[in-house]
Amino acid sequence: MPLPAEPDQPDLPAADLEIAVRLLDPDLPLPSYAHPGDAGADLVTTVDVTLKPGERMLVPTGIAIALPDGYVALVHPRSGLAARHGLSIVNTPGTIDAGYRGEIKVLLINHDPVEPIVLRRGDRIAQLVVQRFERAAFVPVDDLPESVRGSGGYGSTGGFSSMEESSS
Ligand SMILES: O=c1ccn([C@H]2C[C@H](O)[C@@H](COP(=O)(O)OP(=O)(O)OP(=O)(O)O)O2)c(=O)[nH]1
Ligand SMILES: [Mg+2]
C-alpha cells in the first residue's frame, strides 16, 4: 500500500501506514494525532451524550476503517477525561479487527459516583492505537518450559503496604 508523501497534519511526521477511512458523518473530523510521536489518534462522538453516574452507553464515532491484514486498532480511554470526570471505556481497550468494516463504537462508562458527564457531538472521547499483532498457533503440550516466575501470580510479589497490614 503506498504511503502518503506528506503528513496528513502540518507539523506531524509522515505516517508509517495508510489506513482507509469512511467518514460516515462528513462534518466530523478524521481520527487525528495531537502531537508528533503520539500513539493514539483521537476519536469523537457523533452524538450528544449525558451519562449518569455508573451509566454506560455505546457511542458512535462516525468512522469505519479497513486495517491491513496483520494490524489491529485498540480503542483506549483518554486519561484527561478519566482523571477529571471519571470517563472510561467498559471493554478497554476495545479491539477493532482488521476485517471489521462497521462503524467504530465506544462503550463509554461514567465511573464518577456523583456527577453526570455531558458530552457534545464532536468531543474527543477515546483514542485509537494501531498496532501489528502476531497470529498464534495454539499447540497443546503436556509440560510447559520452566520459568523463574512459575505459577506465581495474582499478587505473589506483594501488594500495597496498607493491604499487607490489613491482611496480616
Ligand atoms: O470498542 C469496540 C470493540 C469492538 N468494536 C467492533 C470492532 C470489532 O472487530 C467488533 C467485534 O469486537 P469483539 O471481538 O471485541 O467483540 P465480540 O463480543 O467478540 O463480538 P464478535 O462475536 O462480533 O467478535 O466490534 C467496536 O466498534 N468498538
Ligand atoms: Mg470477537
Side-chain angles (χ1 to χ4, degrees), residues 1-4 7-9 12-141 144 153-154:
M1 190 175 289
L3 294 178
D8 54 355
Q9 290 173 262
L12 292 187
D16 301 309
L17 176 73
E18 193 170 279
I19 294 175
V21 181
R22 275 188 68 214
L23 274 178
L24 308 173
D25 193 331
D27 293 336
L28 291 175
L30 287 163
S32 66
Y33 298 99
H35 301 109
D38 281 2
D42 290 328
L43 301 175
V44 301
T45 170
T46 65
V47 293
D48 295 343
V49 176
T50 300
L51 291 168
K52 294 193 272 275
E55 191 180 8
R56 65 177 188 262
M57 197 177 294
L58 194 59
V59 173
T61 65
I63 62 159
I65 65 176
L67 289 162
D69 280 346
Y71 286 84
V72 63
L74 301 176
V75 182
H76 289 263
R78 295 185 64 215
S79 54
L81 292 174
R84 284 198 299 278
H85 302 291
L87 183 71
S88 191
I89 297 173
V90 176
N91 57 321
T92 180
T95 303
I96 310 301
D97 298 293
Y100 181 67
R101 297 290 179 267
E103 182 170 19
I104 295 178
K105 296 184 180 170
V106 182
L107 190 50
L108 293 176
I109 184 163
N110 177 3
H111 282 310
D112 192 280
V114 178
E115 296 292 333
I117 296 175
V118 178
L119 300 165
R120 295 288 176 221
R121 173 179 157 82
D123 284 350
R124 293 174 297 151
I125 54 166
Q127 53 187 328
L128 198 63
V129 177
V130 177
Q131 291 180 210
R132 291 194 71 99
F133 68 90
E134 306 297 329
R135 185 170 177 83
F138 295 96
V139 181
V141 295
L144 297 172
Y154 306 97

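Note that ligands are numbered from 1 as they come in the structure, with each ligand's atoms numbered from 1 the same way. Because the structure is predicted, anything quoted here is derived from the model rather than measured.
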Q: Can you report which non-hydrogen protein atom sits closest to atom 26 (C) of ligand 1, along with the distance?
A: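 Sorting protein heavy atoms by distance from atom 26 (C) of ligand 1 puts Ile96 CD1, 3.4 Å first.
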
Q: Do Ile117 and Glu115 come within less than 4.5 Å of each other through their side chains, counting heavy atoms only?
A: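 No; the side chains remain at least 4.5 Å from each other.
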
Q: What are the atoms of ligand 1, with element, lying closer than 4.0 Å to any heavy atom of Glu103?
A: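 Every atom of ligand 1 under 4.0 Å from some heavy atom of Glu103: 27 (O).
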
Q: I need the atoms of ligand 1 closer than 4.0 Å to a non-hydrogen atom of Asn91, numbered in the order shown.
A: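 Result: 1 (O), 2 (C), 3 (C).
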
Q: Kindly indicate whether the side chain of Leu28, heavy atoms from C-beta on, has any atom under 4.5 Å from the side chain of Leu23.
A: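 Side-chain contact under 4.5 Å: no.
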
Q: Ignoring hydrogens, just give me the one of Thr95, Val106, Ile104 whose non-hydrogen atom is nearest atom 4 (C) of ligand 1.
A: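 Closest candidate by heavy-atom distance is Thr95.
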
Q: Strictly less than 4.0 Å: does any protein heavy-atom distance to atom 9 (O) of ligand 1 fall in that range?
A: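 Given the 4.0 Å cut-off, atom 9 (O) of ligand 1 counts as touching protein heavy atoms.
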
Q: Between ligand 1 and Leu107, can you find any atom pair, the residue atom being a heavy atom, that is separated by under 4.0 Å?
A: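 No; Leu107 lies far enough from ligand 1 that no heavy-atom distance drops under 4.0 Å.
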
Q: With a 4.5 Å heavy-atom cut-off, do Ile96 and Val72 have their side chains touching?
A: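 Not in contact.
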
Q: Would a 4.0 Å cut-off, counted as strictly less than, catch a protein heavy atom around atom 20 (O) of ligand 1?
A: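 No, there is none.
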
Q: Heavy atoms of the protein only: does one fall short of 4.0 Å from atom 24 (O) of ligand 1?
A: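 Neighbour list for atom 24 (O) of ligand 1 is empty of protein heavy atoms (cut-off 4.0 Å).
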
Q: Any side-chain heavy-atom pair from Asn91 and Ile89 closer than 4.5 angstrom?
A: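 Asn91 reaches Ile89 side chain to side chain.
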
Q: Within 4.0 Å of atom 28 (N) of ligand 1 (strictly less), any protein heavy atom?
A: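 True for atom 28 (N) of ligand 1.
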
Q: Mind listing the side-chain donor-acceptor pairs of residues 41-48 below 3.5 Å, one per line with the distance, residues two or more places apart or on another chain?
A:
from, atom 1, to, atom 2, distance (Å)
Asp42, OD2, Arg124, NH1, 2.8
Thr45, OG1, Val47, N, 3.0
Thr45, OG1, Val47, O, 2.7
Asp48, OD1, Arg121, N, 2.8

Q: Would you say Asp112's side chain and Val114's backbone share a donor-acceptor pair under 3.5 angstrom?
A: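 It does hold such a pair.
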
Q: Hey, is atom 1 (O) of ligand 1 under 4.0 Å from any protein heavy atom?
A: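 Yes, there is one.
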
Q: Are there more than 12 heavy atoms of other residues, nucleotides or ligands under 6.0 Å from atom CZ of Arg78?
A: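 Atom CZ in Arg78 is packed in, count exceeds 12.
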
Q: Short question: side chain of Gln127, backbone of Val75 - any donor-acceptor pair under 3.5 Å?
A: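 A pair under 3.5 Å: no.
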
Q: So between Ile65, Leu128, Asp97, whose heavy atom ends up nearest atom 14 (O) of ligand 1?
A: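 Shortest heavy-atom distance from atom 14 (O) of ligand 1: Asp97.
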
